[in-house]
Amino acid sequence: MADTPIAPAGHVRLGSNSGQSMTRREGVAKVTGKANYAADNKPEGLLHAVYLESGIARGKVVSLNTEAALAHPGVVHVMTPENAPSLAVSPDEKPMPFSARMEVLQNNRVRYAGQPIALVLAETLEAATEGTRLLAPEYEEEPARIGFENGETYDPEYVTTGNPPARQVGDLEAERQRAAHTVEVTVDTPLQYHNAMEPHVIIAQWDGDKLTIDMPNQAIGLARAGIATYLGIDPENVTLRSPYLGGGFGSKAVVFGPQYLAMLAAREVGRPVKLVLRRDQMFGPVQHRSATRQTVRIDLDEEGRILALDHHSLSSTSSFDDWLESAANASLSIYASPAIKVSHTGLRVDTGTPGAVRAPGLASGTAALEVAIDAAAYRMKQDPLDFRLLNYAETDPGTGKPFSAKALRECYAEGAARFGWKDRPLEPGQMRDADGYLTGWGVGTALFHAPFFPAKASAVIRSDGSVAAQTSGADMGQGAWTALAQMAADGLGMPADEIEFEIGHSGLPDGSVAGGSAHTASAGGALFAAGSDAVRQVAEIAMNDPESPLYGAGNEGVRASGGRLHRIDDPARGETYAEILTRAGVAEVQGQGRGRREKSAAEQYAMYSHGAVFAEVKIDPDLYQVRVSRLVGAFAAGRIINPRLAKSQLNGGMIWGLSFALHEEGIHDLRSGRPINNDLAGYHVPVLADVPSVESILVEEHDPHANALGIKGVGEIGITGTVGAIANAVWHATGVRPQRYPIHIKDLLEGELARQRG
Ligand code: MOS
């Protein structure tokens, strides 16, 4: 039962729905197939759209056999740069934040392999597919530029979505002068594709100037504004429905060229159009994680204290847009150092543009930093955990600000205890298991920002006692349907399973982006506030009504629980919402809410979730095949709304870290620029057999500053730290320090041979 104080301002008490490990609210609908994903919709008169992708990476399309395609039975329309309608704003403009340059058949240029170069509409998917084949494109081809060696470097104006490309704290040269030891490592991370199980999908239907879209999306408010801008229509005329997503990971926070093509085509032909990206089409127009080549130099004093930390990242982007991984910034906020320099260089290659992939910046950045820290610890002959504690940052090194809360010490301690870290030998190559496998243990520090977005929500209490809450927010599998409903229910003073709850529709108050690990704090905060606002209004009615047992009790004297208000000093004295509203003749009250983060707190404090990840690897001594036999992560992320779902997110993050360390790698042919492994057979991700044991520990942390409810995020932090922990475990097992991800058997064998030669 929820038990919610109704005093609206200043309090941080949630009711008792929050904190419970409730199971997924939409779980039964999903497993029984009742949950309606975008591609499940079949409006009357539907046409299927398939786009043809470029087979070259750079150049021009000089001919397309549209006649042949149109002659194929079932083909209704072929859209090419010759006949494609213009957008209201060029897709090479960036009219709003988070917009990406994209291809919408506005010209015949080719900027990467896999770019849409024509769209075929047909009565069946098969006919549309065959239509694209018949287009038989001819090109004027220029040589593709792929990889660190062939790309063109440049100095970026910004990294990610507007951060400065370089920063410096303290006097690097002066600190280096007094250093006793120097360690430098270079680590490459590959280009990675976020491949949600559900690909990008759209069903677009026009009714005059009104556009209705079924499309999985993480940021409904932004998507709607972007669509209205590019199509030149009123945002009010755009309806976007996105109740369920089969994964997002950042790639569904943006609307891409293929989706715009479907919207334009539906308007051209006056029929609903459905477009579903094939798996191979997910490798191109819908972003990816940049490749990076990072160099980390650490200068140390006699005792092993870091004096200077210098982190440079070269990262890839496309030839036509500027999204760059902010990898080096990882060194700004994890370890104490009197001098820090972080810097970024861009590398233009002929691929699609990268974008935010779960834990942008920090996943790649910590993958390099943690390896350097491990190397520094070994140089000092210190236990890697002791070394991290010696260099613990009490304040944020990059800004000098205090942390809003930081229970990282507790994460190290609880994770180490659970893992059994104290038995770890310092030297590598010392441990073998009973089967003779080389065994190694590594640790990495996890960190992720705790941003906060201006989400809105509404709630209603009706005179029949029923209640509802709404926000446009998105559940991409992370559990928003459940955790957000728990918070809404606490605001409403009701058990979560007794509230009506709605998300995933542009007609609802803008719940902001489900991203940045901020959705629970932002949209959940808004829902709680909206529910509280509705309850406050019911209480006002009761407290001013002489017939109510709550008459004159005052805001501080009343509490809501189970759809009823009662006096705190005498819980027996109270009445239900239905009784109060019915007697007053009020059909319903509407509450509005926004989450709150104090502006002053955001200025004064550095806000992060923290964690420590411990990894055990077992390596075949002959073949050098690596298995991660155990992962233990301990994380402190403020108030946890649903421990079951939070652990699911953290475990999922750690598994992605494992995937980063050992599996994922987007490979492009150097000559053609085409992706080679553009399916889930060639693009490796871990399967269950690769993840025998993963465990996350929720470390208690009270964060009084992050926002009104003290919630931070758990969605992305699990990847950070894990990648380095696994690389460090591989080193501990073998004595070979990995220099690129994914860690290849070949590199370990070569490293071993080099070691034997001395
Ligand atoms: Mo994300 S990469 O914040 O969906």
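In each ligand, atom 1 is the first atom listed, and ligand 1 is the first ligand listed. Just so you know, these numbers come straight off a predicted model, no measurement behind them.
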Practice task
Using non-hydrogen atoms of the residue, decide whether P360 is closer than 4.0 angstrom to ligand 1.
Solution key: yes

Practice task
Spell out, as yes or no, whether a donor-acceptor pair under 3.5 Å connects the side chain of R358 to the backbone of G248.
Solution key: no

Practice task
Test the R348-Y154 pair against the cation-pi criterion, namely NZ or CZ under 6.0 angstrom from the six-membered ring centroid and within 45° of the ring axis.
Solution key: yes

Exercise for the section: Determine whether the side chain, the backbone, both or neither of V357 has a heavy atom under 4.0 Å from any heavy atom of ligand 1. Expected result: backbone

Handout entry: Pair H610 + F635: ring centers closer than 6.0 Å
Key = no

Practice task
Have a look at R358, M476, H519 and point out the one with the heavy atom closest to atom 2 (S) of ligand 1.
Solution key: R358

Fill in the blank from the handout: Looking only at protein heavy atoms, what sits closest to atom 3 (O) of ligand 1 is G516 N, 2.5 Å

Fill in the blank from the handout: One finds that the ligand 1 atoms under 4.0 Å from a non-hydrogen atom of A356 are 2 (S)

Fill in the blank from the handout: ligand 1 to F249, heavy atom cutoff 4.0 Å, flagged ligand atoms 2 (S), 4 (O)

Exercise for the section: Could you tell me whether ligand 1 has any atom less than 4.0 Å away from a heavy atom of E716? Expected result: yes

Problem - Lys/Arg-Asp/Glu bridge criterion (N-O < 4.0 Å) met for K401, E603 - result: no

Exercise for the section: Would you mind listing which atoms of ligand 1 come within a distance below 4.0 Å of any non-hydrogen atom of G250? Expected result: 1 (Mo), 2 (S), 4 (O)

Fill in the blank from the handout: So CD of Q478 and CD of Q649: to nearest 0.5 Å the spacing works out to 6.0 Å

Practice task
State plainly whether the residues K712 and D703 are in salt-bridge range, i.e. N to O under 4.0 Å.
Solution key: yes

Handout entry: Separation of H668 NE2 from N677 CG (nearest 0.5 Å)
Key = 8.5 Å

Fill in the blank from the handout: The closest protein heavy-atom partner of atom 4 (O) of ligand 1 is Q218 NE2, 2.8 Å

